[in-house]
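Bear in mind that the values here come from a model prediction, so they are computed numbers and not experimental data.
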2 protein chains.
Amino acid sequence: MKRPPKAPSVTVSDVAREAKVSKATAARVLGGYGTVSEAIRAAVLEAAKALDYRPNELARSMTTGRSGSIGVVVGDIENPFFSLAVRGISDVARLSGINVILANSGEDVEAEKSAIRVLLAKQVDGLIVTPAQSGDIGHLAEIACPLALLDRALPELDVDTVTVDDRDAALRATRMLTRAGHRRIAYVTAAVLSGEFRGAASKINTSTVRERILGFLDACRDAAIEGAERNIHFGSGRSESAHAVMQRLLRSDNRPTAILASDSVVALDLFKAIRECGLNIPRDISLITFHDADWTSVTTPPITVIDQPVYALGKSVAELLIRRLKGDDRPPERIVLPTTIIERMSVGPSSAT
Amino acid sequence: MKRPPKAPSVTVSDVAREAKVSKATAARVLGGYGTVSEAIRAAVLEAAKALDYRPNELARSMTTGRSGSIGVVVGDIENPFFSLAVRGISDVARLSGINVILANSGEDVEAEKSAIRVLLAKQVDGLIVTPAQSGDIGHLAEIACPLALLDRALPELDVDTVTVDDRDAALRATRMLTRAGHRRIAYVTAAVLSGEFRGAASKINTSTVRERILGFLDACRDAAIEGAERNIHFGSGRSESAHAVMQRLLRSDNRPTAILASDSVVALDLFKAIRECGLNIPRDISLITFHDADWTSVTTPPITVIDQPVYALGKSVAELLIRRLKGDDRPPERIVLPTTIIERMSVGPSSAT
């Protein structure tokens with residue numbers, strides 16, 4: 001015996017029309033994600049009931065992912081670079097009715113593994129990660145859900161990736177310093193190196209750190225500055241010992257006449273250390289930093305910065321990931337966003353005698 | 001027929017002893033949370049197998065919670081206040097082998113509800129929330145897992161809460177301004193008010209905002225300043241319109257001679273607007289802000305701040321929550337941490353004529 005033919009399925013569009021709301025709003029209510037007012041929620045649910053709407057689970061998972069959430073693992077949530085990128089991610093996710101849950105690796109690859117394990121156990125639909133190390137990525141290669149990389153590329157991992165032109169940016173900033181006559185230029189980064197550097201960039205496990213150092217060395221080579229790799233200072237993160245190292249660098253006979261800082265957290269520490277040493281920017285020492293953090297424009301003098309499109313970085317990577325969640329199966333994209341240098345007042349001629 | 005008596009249970013301590021690691025490390029491996037090296041993980045699992053260790057699920061959930069994770073919902077992850085508090089929370093959680101997953105409400109109560117819904121669906125063991133509004137808390141009252149409040153108290157919600165002495169801090173800071181002769185003192189906050197203020201503090205839905213305004217008004221009353229409630233400026237968050245309002249305030253004939261800013265994000269915008277208007281701190285205008293953000297010490301002049309123990313705030317609330325997860329059933333605690341004022345160079349005598 002044949003069953004009577006089923007009535008054509010009621011769709012989200014039908015419910016939306018009945019409830020006099022947009023399709024996106026109806027989808028949000030029926031999918032149980034995103035935020036709408038109680039009145040609208042009630043209207044949509046009433047319309048759905050009147051039409052005998054039955055959600056199509058498969059279609060729903062194709063559109064919004066299983067749970068409507070993505071996980072984001074950043075290197076250091078206290079660094080304004082990452083919190084701004086997260087705003088870019090969140091703004092895009094919100095438009096798709098997707099929730100963002102965040103975890104912080106503290107730039108520790110073991111903490112990153114743990115965070116990813118937890119987020120996967122909690123069934124996020126996709127992950128955005130800024131890998132703490134490019135030498136230890138087995139846990140990333142094993143991820144079964146869509147994965148996108150933020151700010152740091154991994155050559156071996158062919159997934160959607162959005163970075164900025166780190167090498168070129170470092171080259172241009174360093175060239176600005178060499179053209180002002182500087183020869184003793186230091187590059188200062190919070191990144192920690194296991195073992196000695198000796199100019200072997202391949203030992204550097206984080207792509208942004210490596211690319212920037214390569215750009216710095218490119219510019220030094222162009223200016224025929226020898227031994228520039230000895231002027232790269234690792235491990236200048238938040239710690240007493242890092243501060244002591246900065247002080248020693250600034251008080252040495254051979255102190256640099258210019259510094260390029262790898263991020264605004266390092267640069268602020270340098271700014272304070274320079275002042276504590278009684279040195280004047282730019283008379284005694286020039287300073288450029290990556291990231292146009294908000295404080296860089298209010299100091300005396302204001303600081304010349306490499307302006308990275310941080311918000312766009314977050315926005316783009318979220319767009320790529322959400323496209324995957326919707327079932328897009330084009331080959332992975334690797335987007336490199338351009339940076340600009342904002343010239344302020346912290347670069348002067350070399351004070352070297 | 002009696003079954004043979006069971007052998008006494010093998011405990012985590014037994015496994016730890018066998019594997020020659022600490023009990024905490026063994027618990028971490030056996031519980032599947034926290035981070036240990038692969039070698040140690042293998043040693044612990046081998047020991048567990050050799051001893052035929054069977055996890056006691058109840059004991060495990062009493063010690064670490066079901067999944068070993070807590071959810072944190074903050075108002076604005078881009079505000080350094082919250083990112084520092086999150087570091088305090090994360091540091092404590094890590095010591096207990098508990099993962100922290102974060103969500104951002106953007107100070108929007110609907111986004112807060114959505115975030116809490118998602119985190120609960122993902123079975124976090126406990127929640128730490130900075131409620132966006134104290135007028136809409138039904139969703140918080142319904143939470144079945146342990147809940148603790150960070151930075152903002154809710155009188156109606158009897159749960160573990162850690163705040164700072166906001167009212168007293170605002171009173172002391174404002175008094176510092178009145179004692180310097182200021183009478184036209186503005187209080188500027190990013191908080192948005194629905195409807196007109198007219199001095200009715202009960203209309204203010206966020207406890208920190210309300211308490212600070214009450215402290216500000218207390219000090220104005222003590223100094224017999226009339227109409228101080230008209231000098232409270234809401235809605236000065238990140239937006240073009242907010243910036244325009246600041247400019248208008250600073251260019252008006254009756255411009256304030258001193259300003260108390262509710263947080264460091266507002267204060268930085270004010271600092272820039274003051275400079276754009278060609279005004280000098282402290283000659284033309286004095287400025288004090290809540291939160292000793294890192295930039296406040298590097299401006300010219302450096303800014304006098306209310307130093308809140310932000311890291312300790314995060315640390316304490318995490319300790320209270322984790323105590324609950326371990327089964328503590330003492331009545332909820334309400335901890336109020338003290339603040340101090342760091343005097344720098346941004347307060348001078350009144351310039352009013």
Side chain, backbone, both or neither: which part of [X] has a heavy atom under 4.5 Å from chain A?
X: B:Val298; result: both
X: B:Thr300; result: both
X: B:Ala115; result: backbone

Nearest-0.5 Å distance that lies between atom CD1 in B:Ile101 and atom CG in A:Leu102: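 The CG atom of A:Leu102 is 10.0 Å from CD1 of B:Ile101, to the nearest 0.5 Å.
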
Interatomic distance, B:Trp295 atom CH2 to A:Asp294 atom CG [nearest 0.5 angstrom]: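 Result: 8.5 Å between the selected atoms.
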
Nearest atoms (heavy-atom pairs only) where B:Arg41 meets A:Arg117: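 Looking at all heavy atoms of both residues, the closest pair is NH2-NH2, 3.8 Å.
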
Shortest non-hydrogen contact between A:Ala103 and B:Val100, atoms and distance: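 Between these two residues, the closest heavy atoms are CB-O, 4.1 Å.
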
B:Gln247, CD atom: more than 12 neighbouring heavy atoms under 6.0 Å: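 Correct, the count exceeds 12.
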
A:Glu276, CD atom: more than 12 neighbouring heavy atoms under 6.0 Å: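 Check passes, neighbour count above 12.
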
Close approach to chain B in residues 76-84 of chain A, criterion heavy atom under 4.5 Å: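 Only A:Ile77, A:Glu78, A:Ser83, A:Leu84 of residues 76-84 of chain A have a heavy atom under 4.5 Å from chain B.
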
Atom group of A:Ser297 that falls short of 4.5 Å from chain B, counting heavy atoms: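 Contact with chain B: backbone and side chain both.
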
Side-chain donor-acceptor contact under 3.5 Å, B:Ser114 with A:Asn99: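 Checked: B:Ser114/A:Asn99 side chains pair up, N/O donor to acceptor below 3.5 Å.
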
With A:Lys315 via salt bridge (charged side-chain N to carboxylate O under 4.0 Å, His left out) - residues at least two apart: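 A:Glu319.
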
Residues of residues 280-291 of chain B with any heavy atom under 4.5 Å of a heavy atom in chain A: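 Within residues 280-291 of chain B, no residue comes under 4.5 Å of chain A, counting heavy atoms only.
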
Pairs flagged by side chain to side chain donor-acceptor pair (under 3.5 Å) wherever residues 264-275 of chain B is involved - sequence neighbours left out: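 Of all non-adjacent pairs touching residues 264-275 of chain B, none passes side chain to side chain donor-acceptor pair (under 3.5 Å).
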
